[in-house]
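Model, not experiment: these values are computed from the prediction. Proteins get letters first, then strands, A, B, ... in listed order; numbering begins at 1 in each.
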Number of protein chains: 2
Amino acid sequence: MAEAAHSSVDLADRAKAGADRSGYQPPSLPDGVVYAHDAGEVADLLRLATAHRVPVVPRGAGTGLAAGSTARAGEVVLDVSRMNAILRIDPEEQLAVVQPGVLNAELNTAAGEYGLFYAPDPASTAICSIGGNIATNAGGMRCAKYGVTREAVLALRVILADGRELRTGRETIKGVSGYDLNALMIGSEGTLGIVVEATLRLRPLPVQTATVAAFFPNVEQAARAASAVVASRIQPSMMELMDGQTLEAVDAALGTDYRSRGASFLLVQTDGHGAFLEQDVVMDAVAPFGTCEKAVDDEQAAALVRARREAIPSLEKLGRVSIGDIGVPRGRLAEVVSGLEEISARTGVRIFTVAHASDGNLHPMIVMDPEDSVTEGPPKVALGEMFRLAKSLGGTLTGEHGIGLLKRDWLEEELGGVSLEVMHTIRAALDPLGILNPGKAI
Amino acid sequence: MAEAAHSSVDLADRAKAGADRSGYQPPSLPDGVVYAHDAGEVADLLRLATAHRVPVVPRGAGTGLAAGSTARAGEVVLDVSRMNAILRIDPEEQLAVVQPGVLNAELNTAAGEYGLFYAPDPASTAICSIGGNIATNAGGMRCAKYGVTREAVLALRVILADGRELRTGRETIKGVSGYDLNALMIGSEGTLGIVVEATLRLRPLPVQTATVAAFFPNVEQAARAASAVVASRIQPSMMELMDGQTLEAVDAALGTDYRSRGASFLLVQTDGHGAFLEQDVVMDAVAPFGTCEKAVDDEQAAALVRARREAIPSLEKLGRVSIGDIGVPRGRLAEVVSGLEEISARTGVRIFTVAHASDGNLHPMIVMDPEDSVTEGPPKVALGEMFRLAKSLGGTLTGEHGIGLLKRDWLEEELGGVSLEVMHTIRAALDPLGILNPGKAI
Ligand SMILES: Cc1cc2nc3c(=O)[nH]c(=O)nc-3n(C[C@H](O)[C@H](O)[C@H](O)COP(=O)(O)OP(=O)(O)OC[C@H]3O[C@@H](n4cnc5c(N)ncnc54)[C@H](O)[C@@H]3O)c2cc1C
Ligand SMILES: Cc1cc2nc3c(=O)[nH]c(=O)nc-3n(C[C@H](O)[C@H](O)[C@H](O)COP(=O)(O)OP(=O)(O)OC[C@H]3O[C@@H](n4cnc5c(N)ncnc54)[C@H](O)[C@@H]3O)c2cc1C
């Protein structure tokens, strides 16, 4: 489909391009991989794919957790990871223009030189691409205060299924001319178009950050403390929760001893000119539920953040990990963590809990034997119960990772028939042949 | 089309229901007005309208500035202003569930009882409806820090053209299941569905607010000062600019003497625990461009905010006012205000400038003789030049008021053909007969 250096039918390349980090095992290999180097090549490929009705699976860095970039026989993978130039950073307007293959951490490094940062910070920051972040509406730890990817995208260049180029959004902060196609593309998991360029909002690095570490006798108390922080009416820049089992895994991996201090943990940061005044409010809110202390310096604060960032790698040492992603109203955190413990007890599946507590977004981690999978047996049952638990509390089955292939079975239950119908109508209007990432997202 | 108490073919009712606050004069009266009292009545009307292919114009409070709710012969107005119940305020989750006819200020009063507020605050807060705010993605003075309507809407209930009920979004802060239909509806000006219920995010009232008033020798200096505040890396909760002519009009209306202190004015507020520390940063940023002082107390601060809020009513005493709404990148404020002065000089049309400076959103006000109109003659020329000026600076023709009927002539120039085509494709997919607010928005 393109000249040799730009595509591959090599077995190893196809195997690599067909998988992501969800643990989902595609039943077969994609037919080939095309590596695009610019928007023109993306458009050429899509015109060809339209002419021949070949399904195309867009791929960024392949770190997705929903099997959104997985591919199988009959499909061609369109890998945009080589389109990885930072085209412009404008410190005055506080924005960046980047190609989709730029890694999240690379952008942050470049922005940092101007005293700026790009707010959405998935734990995978070092290895995931901006295009993938946009396609999944990625979140992270800093999103509590600064918003998720949707709040950080000003404008996009998108190649549509038929090869036409669409421009969405604008460089201004506000604007209401026409429909919000920016938001429609964000989170659409490659089913409505391929992002080939993004104009992103950067923010000034906070002048100061204050950190509180708190430990509790059980995870319900940590959840109650988190709800108390929300109710205390300050906006933490980060509020992360870990349960006791996760603390143990982190301790084992890092040689720390957090677990000895409590059976659950809450890390709360505040930032900006009022950071230390807000820190006192946090201390007051959290104190009734456990023991808490202020980090004495930046080094101690960084160690605490690192413990949270290392949660997933630490759990991966214990077995095969499937990372959940449910969301609930923030006042229901305690109920959802009890519910997860109950599901674990009932199904015999091990569930470790980590949460972006400020948003009510939990990552319950199912840790399995290497030969098990969340697509069958007790892990699948546990996953289904997790989604129903979230739903019963007024929540959602995915806060930031997306639907991909993995969560489609439960989607209609959450959205209802009309909503799903409308989404399919829009999808059919934009990609009438259904060649863009078929079977994913909706 | 419905029982007597619910609809009217009375001449005065039709005249009232056919106009908004844009100054646009529809060529004829709508055929009738239906007043809906609940979602079921909205659905019934739309099913009937679908069966008979009757165009329906949704109407909230009729304060729109883009002729979006204006109607003519052959059209029926669907007035939802009687659906005005606040259904629920949940202080713990910091959200409200309301019907579309609730006025913006009413919601804020109710939220205030819980120490909360609804952030988007159009100058028309006392007279505009939440449904209209959602349909136009309304902004306001507080949006600098807290975001516009899009950032405040969690979930919607929408009746589609064929009478089906669609639910968009969710009550959780984060969620990525399926496409972002919330954002698609927000700002669609009643062309994709009728909002019959909204779940809105409330925020804690700030613990304190600090106010700076600054005066400058000309409006370019005020614009430079505003850009300097953006560059100083704090986020004002409000940053409003007025030019000298507008100050004169406000002084005449309120009996104040702001104009004697300078030929342009910047009002900057910061809030939260760091408010007074941030105020010092503002003072430092603004000082090189003019004279500035801190408000001594809340009363003085309130008077300054009031002067800004009274700008439009004050100008309305001078003649017929057409309120512009262009947006530019924030570093280009000085260029755009010079450009506006130049357009005024060249066309002989009087243009007064007020701006949400923190977002780069300007409201250039064309003040005309009562018999003139922006749909013809020099005012129309000036309007067109204003849009082109914004575009030449990388901006947009509408920051928060919408396209309606008034700005359609310039829309394709801004969006480009593919974008407009895609919007029409989506519109056709959701409303194949084109009965919802035809000819508006796109
Ligand atoms: C250890 C670990 C931690 C993680 N932590 C987080 C976290 O905290 N928050 C979070 O949100 N996610 C997290 N993730 C998930 C993942 O990193 C994100 O979903 C990320 O946004 C995916 O980016 P990617 O470039 O790897 O995309 P891919 O996996 O390549 O693709 C993801 C989806 O986007 C589509 N896509 C990719 N590029 C484009 C493009 N240019 N145009 C259109 N569609 C495209 C694909 O088709 C697919 O549907 C984590 C993953 C891992 C492995
Ligand atoms: C003095 C003055 C100051 C203003 N200041 C501001 C400002 O600072 N910021 C700002 O953003 N705007 C401002 N406006 C404009 C106006 O108030 C806003 O656009 C407001 O959002 C319109 O609300 P409304 O209820 O009056 O809507 P309407 O005028 O009734 O309708 C506006 C649009 O929304 C559609 N619509 C209304 N209700 C629904 C519904 N339930 N479902 C679907 N579609 C619906 C209509 O069809 C129309 O297209 C101002 C207006 C005035 C007169």
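Per-residue heavy-atom pair counts under 4.5 Å with chain A were compared for B/Leu205, B/Thr172, B/Leu154, B/Ile186, and the maximum is reached by B/Thr172. Chosen from A/Thr191, A/Leu192, A/Asn182, A/Leu116, the residue pairing most often with chain B at heavy-atom distances under 4.5 Å is A/Leu192. For the set A/Ile173, A/Val281, A/Ile234, the count of heavy-atom pairs under 4.5 angstrom toward chain B peaks at A/Ile173. Ranked by heavy-atom pairs shorter than 4.5 Å toward chain A, the options B/Leu160, B/Val207, B/Leu277, B/Leu397 are led by B/Leu277. Across B/Pro204, B/Gly399, B/Ala183, the residue that shares the most heavy-atom pairs under 4.5 angstrom with chain A is B/Gly399. Contact count versus chain A (heavy atoms, under 4.5 Å) is highest, among B/Val148, B/Leu184, B/Asn137, B/Leu181, for B/Leu181. Contact tally against chain A (heavy-atom pairs below 4.5 Å) for B/Gln94, B/Met185, B/Glu151: the top residue is B/Gln94. Ranked by heavy-atom pairs under 4.5 Å with chain A, the list B/Thr396, B/Ile403, B/Thr398 is led by B/Thr398. Chain B forms the most heavy-atom pairs under 4.5 Å with one residue out of A/Ala66, A/Gly115, A/Gly417, and that residue is A/Gly115.
In this structure, the side-chain contact (heavy atoms from CB on, under 4.5 Å) partners of A/Ala357, at least two apart in sequence or on a different chain, are A/Ala226, A/Met239, A/Leu241, A/Leu266, A/Leu333. Listed by chain and number, the residues in a side chain to side chain donor-acceptor pair (under 3.5 Å) with A/Glu171 are A/Arg88 (sequence neighbours excluded).
Side-chain contact, B/Gln279 with B/Thr270: no donor N or O sits under 3.5 Å from an acceptor N or O. Looking only at atom types and distance, the side chain of B/Arg170 has a donor-acceptor partner in the side chain of B/Ser177 under 3.5 Å away. Between the side chains of B/Tyr114 and B/Asp90, no donor-acceptor pair is found at a separation under 3.5 Å. Of the N and O atoms on the side chains of B/His273 and B/Gln208, not one donor lies less than 3.5 Å from an acceptor on the other residue. A/Glu189 and A/Thr136 share no side-chain donor-acceptor pair at under 3.5 Å.
The line from OH of A/Tyr146 to CD of A/Gln235 is 9.5 Å long, rounded to the nearest 0.5 Å. A/Asp359 CG to A/His356 NE2: the interatomic distance, rounded to the nearest 0.5 Å, is 7.5 Å. Separating the CD atom in B/Glu335 from the OG atom in B/Ser227 is a distance of 9.5 Å, to the nearest 0.5 Å. Rounding to the nearest 0.5 Å gives a distance of 13.0 Å between CE of B/Met283 and OG of B/Ser232. The OG1 atom of B/Thr209 sits 10.0 Å away from the CZ atom of B/Arg142 when rounded to the nearest 0.5 Å. The OH atom of B/Tyr179 lies 11.5 Å from the CG atom of A/Leu415; values are rounded to the nearest 0.5 Å.
A pairwise comparison of heavy atoms in B/Gly147 and B/Pro120 identifies O-CG, 4.4 Å as the closest pair.
By a heavy-atom distance cut of under 4.5 Å, B/Ser419, B/Glu421, B/Val422, B/Met423, B/Thr425, B/Ile426, B/Arg427, B/Ala429, B/Leu430 are the residues of residues 419-432 of chain B near chain A, going up by number. When the heavy atoms of residues 324-332 of chain B are compared with those of chain A, the residues falling under 4.5 Å are B/Gly327, B/Val328, B/Pro329, B/Arg330, B/Gly331, B/Arg332, listed by number.
For chain A, the nearby parts of B/Glu93 are the backbone and the side chain; heavy atoms of each come within less than 4.5 Å. Both the backbone and the side chain of A/Glu400 come within contact range of chain B, with heavy atoms under 4.5 Å apart. Looking at B/Thr168, there are no atoms closer than 4.5 Å to chain A (heavy atoms on both sides), in backbone or side chain. Residue contact with chain A, scored on non-hydrogen atoms closer than 4.5 Å, is absent for B/Arg203. In this structure, chain B has no heavy atom under 4.5 Å from any part of A/Leu393. Using a 4.5 Å cut-off between heavy atoms, B/Val230 contacts chain A through both its backbone and its side chain. In this structure, chain A has no heavy atom under 4.5 Å from any part of B/Val158. For B/Leu95, no part lies under 4.5 angstrom from a heavy atom of chain A. Both the backbone and the side chain of B/Leu166 have a heavy atom closer than 4.5 Å to some heavy atom of chain A. Residue contact with chain A, scored on non-hydrogen atoms closer than 4.5 Å, involves the side chain of B/Asn361 exclusively.
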request  = Please report the C-alpha distance between A/Lys391 and A/Glu413 in whole Å, then the side-chain angles of each, then the deciding distance to 0.1 Å, and finally whether the salt bridge (charged side-chain N to carboxylate O under 4.0 Å, His left out) criterion is met.
outcome  = CA-CA 9 Å; A/Lys391 188 169 188 295; A/Glu413 215 174 302; 5.8 Å; no
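Between B/Ser358 and B/Val229 there is no side-chain heavy-atom pair separated by less than 4.5 Å. Taking the side chain as every heavy atom from C-beta outward, A/Arg150 and B/Asp180 approach each other to under 4.5 Å. Inter-residue side-chain proximity for A/Leu156 and A/Arg167 is flagged as unmet; no heavy-atom pair is nearer than 4.5 Å.
Aromatic ring centroids of B/His363 and B/His401 lie under 6.0 Å apart.
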